[in-house]
2 protein chains.
Amino acid sequence: MARPRKFDETHALTAAMETFWRRGYEATSTRNLSDSTGLGQSSLYNTFGDKRELYLRALRHYYETHTAEQTALLDRPGPAKDRLRDLMVHAVDTDLADPEASGCFTINASVEKADSDDEVREEVRRHFTTVERALAETIARGQRSGEISSERSAGTLARQILSTYYGLRVLARIQKDRDALLGIVESTVSAL
Amino acid sequence: MARPRKFDETHALTAAMETFWRRGYEATSTRNLSDSTGLGQSSLYNTFGDKRELYLRALRHYYETHTAEQTALLDRPGPAKDRLRDLMVHAVDTDLADPEASGCFTINASVEKADSDDEVREEVRRHFTTVERALAETIARGQRSGEISSERSAGTLARQILSTYYGLRVLARIQKDRDALLGIVESTVSAL
DNA sequence: CGTATTTTGGAGCGAGCGCACGGAAACTCG
DNA sequence: CGAGTTTCCGTGCGCTCGCTCCAAAATACG
């Protein structure tokens, strides 16, 4: 009934997400987005709305892919501590392997835009809450099996791990010594 | 021998620091800096060089004031765990009391600009290293007094606390529940 | 095949960006 | 008090920003 699109929306969204992730919101121009997605300006605006809306879409796309990948690591079978260690070691290796050192998009968004944009803040909160809940479930499972002490509540421990985990991802931006980062992971896991 | 300045350089630098801290590098325009410092554009450029140099000056000024304040909290007398708790509780209360929710300038800089600017990265590294070293000294003191187990090295524990501490400051941008944040602090301190 | 509908690419809009410049102003010192 | 020096303020340059618009292109349908 009309001229068909010659691009795949998900591919374009993924490209835009990577650009925002790597460069941040303010440092990314609509020309940058046009280049990385391969779409013309008019196609970008026609498909995704303005720059801010595309950023929100990108953040939600990150949730569905990368945040989901993180919780998937926790949901796998096996000892709870192994699952927690996997999550953190995976983050360390991902961050160190990235030549652009983009870190975690959620954290980046939380630092750059969550203060000034309510919708970004709510989206970031959703990411944080999802990871925290997955951590709490994993820890509760470890407590039921006796692997983890029940002295502190699963909720408190989950928030503690979440905090260490996010701190780790901030540190990994500067500290490239893998052994030092893995030392943090081991120390954290073994303290449970 | 010439016309004297009618502004105080440190005051201007403090104002510029607060603006960069609150808004980030990219979102801050030279007009914003002119407004917040009260200096005209030419005075700004004459005194501090260009925008990037002023940002670096602002980051160094943060080191001399706020990073120094953090390590000062650790250097005070008293039980090591109390010092560590003070540091983190102070950060929580500072972050929650700030209506702008600016967080920690060092972390903000590390997320927004450390990847793309070598000098920013080195400056951020200096902040991280200073806090880590102060943490290690405090922990070593606690280990000598028997207050903290010597099972893990002071260096490893310092990095673990650093990680949790920075994660806490990221979480505090979204999570405004003081009790939840203090729960993380207590759980972290008591696990030592 | 003609018409309606949507997408595409590119030119370009007003605004704001970082930064530079030049003359007036405010001091010190001979 | 005049000469020399530095700071101050306003203007504006060249550029890029986010975004819009329009005609050409590509399909579906009668």
Side-chain angles (χ1 to χ4, degrees), chain A residues 1-61 108-109 112-113 115-120, chain B residues 1-59 61 108-109 112-113 116-120:
Chain A
M1 196 165 175
R3 177 174 177 170
R5 286 183 177 163
K6 71 173 178 183
F7 66 90
D8 177 63
E9 187 168 322
T10 302
H11 285 162
L13 184 55
T14 299
M17 177 192 77
E18 287 169 352
T19 303
F20 276 131
W21 185 0
R22 183 158 20 90
R23 303 175 54 94
Y25 179 81
E26 292 291 346
T28 298
S29 73
T30 55
R31 268 91 174 168
N32 293 147
L33 293 166
S34 189
D35 289 347
S36 65
T37 58
L39 304 193
Q41 300 259 65
S42 60
S43 295
L44 265 185
Y45 278 82
N46 186 46
T47 310
F48 298 108
D50 65 13
K51 182 184 174 185
R52 179 179 165 278
E53 286 182 64
L54 178 51
Y55 184 76
L56 280 168
R57 285 285 301 269
L59 205 48
R60 289 179 186 129
H61 189 57
N108 301 359
E112 188 187 2
K113 269 198 85 58
D115 305 329
S116 58
D117 191 312
D118 290 348
E119 285 193 73
V120 171
Chain B
M1 199 161 172
R3 176 173 177 171
R5 285 184 177 162
K6 70 172 179 184
F7 66 90
D8 178 62
E9 187 167 322
T10 303
H11 285 164
L13 183 54
T14 300
M17 178 191 77
E18 287 169 351
T19 303
F20 276 132
W21 185 359
R22 184 160 19 92
R23 303 174 55 92
Y25 179 82
E26 293 290 346
T28 299
S29 73
T30 55
R31 268 88 173 173
N32 293 149
L33 294 166
S34 190
D35 289 346
S36 65
T37 59
L39 281 97
Q41 300 261 61
S42 62
S43 295
L44 264 186
Y45 278 83
N46 185 48
T47 309
F48 298 109
D50 65 12
K51 180 183 173 184
R52 179 179 165 278
E53 287 181 64
L54 178 50
Y55 183 77
L56 280 167
R57 284 286 301 271
L59 205 48
H61 189 58
N108 300 359
E112 188 187 2
K113 270 198 83 61
S116 58
D117 191 312
D118 290 349
E119 286 193 73
V120 170

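Just so it is clear: chains get the letters A, B, ... in the order the sequence lines come, proteins before strands, and each one is counted from 1.
The side-chain hydrogen bond (donor to acceptor under 3.5 Å, both in side chains) test applied to B:T19 returns B:S36, not counting sequence neighbours. A:A16 pairs by the side-chain contact (heavy atoms from CB on, under 4.5 Å) definition with A:L33, A:T37, A:L54, not counting sequence neighbours. Residues that satisfy the side-chain contact (heavy atoms from CB on, under 4.5 Å) test with B:S29, not counting sequence neighbours, are B:R31, B:N32. Under the side-chain contact (heavy atoms from CB on, under 4.5 Å) criterion, A:R60 pairs with A:L56, A:E119, A:E123, A:R126, not counting sequence neighbours.
Distance, A:D35 CG to C:dG10 P: 12 Å, rounded to whole Å. The distance from atom CG of A:N46 to atom C1' of D:dA26 is 15 Å, rounded to the nearest whole Å. One can place CD of B:E9 at 16 Å from P of D:dT6, the figure rounded to the nearest angstrom. Distance, B:R5 CZ to D:dC9 C1': 16 Å, rounded to whole Å.
Judged by the 6.0 Å distance and 45° axis criteria, A:K51 is positioned over the aromatic ring of A:Y25.
Counting heavy atoms from C-beta on, the side chains of A:H61 and A:T10 come closer than 4.5 Å. The shortest distance between side-chain heavy atoms of B:Y55 and B:V120 falls below 4.5 Å.
Residue A:K6 has a polar side-chain atom (N or O) positioned under 4.0 Å from OP1 or OP2 of C:dG9. Of the side-chain N and O atoms in B:S43, none sit less than 4.0 angstrom from OP1 or OP2 of D:dT7.
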Taking only nitrogen or oxygen atoms into account, show me every contact under 3.5 Å that the protein makes with nucleotides 24-26 of chain C, one pair per line with its distance.
{"residue": "C:dA25", "atom": "N3", "partner": "B:R3", "partner atom": "NH1", "Å": "2.9"}
{"residue": "C:dA26", "atom": "O4'", "partner": "B:R3", "partner atom": "NE", "Å": "3.3"}

Exercise. Summarise protein proximity over nucleotides 12-21 of chain C in one line of letters, 5' to 3': B for base, S for sugar-phosphate only, - for none, counting protein heavy atoms closer than 4.0 Å.
Key: B----BBBBB

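Among all heavy-atom pairs drawn from B:S34 and B:L44, the shortest one is N-CD1, 3.7 Å.
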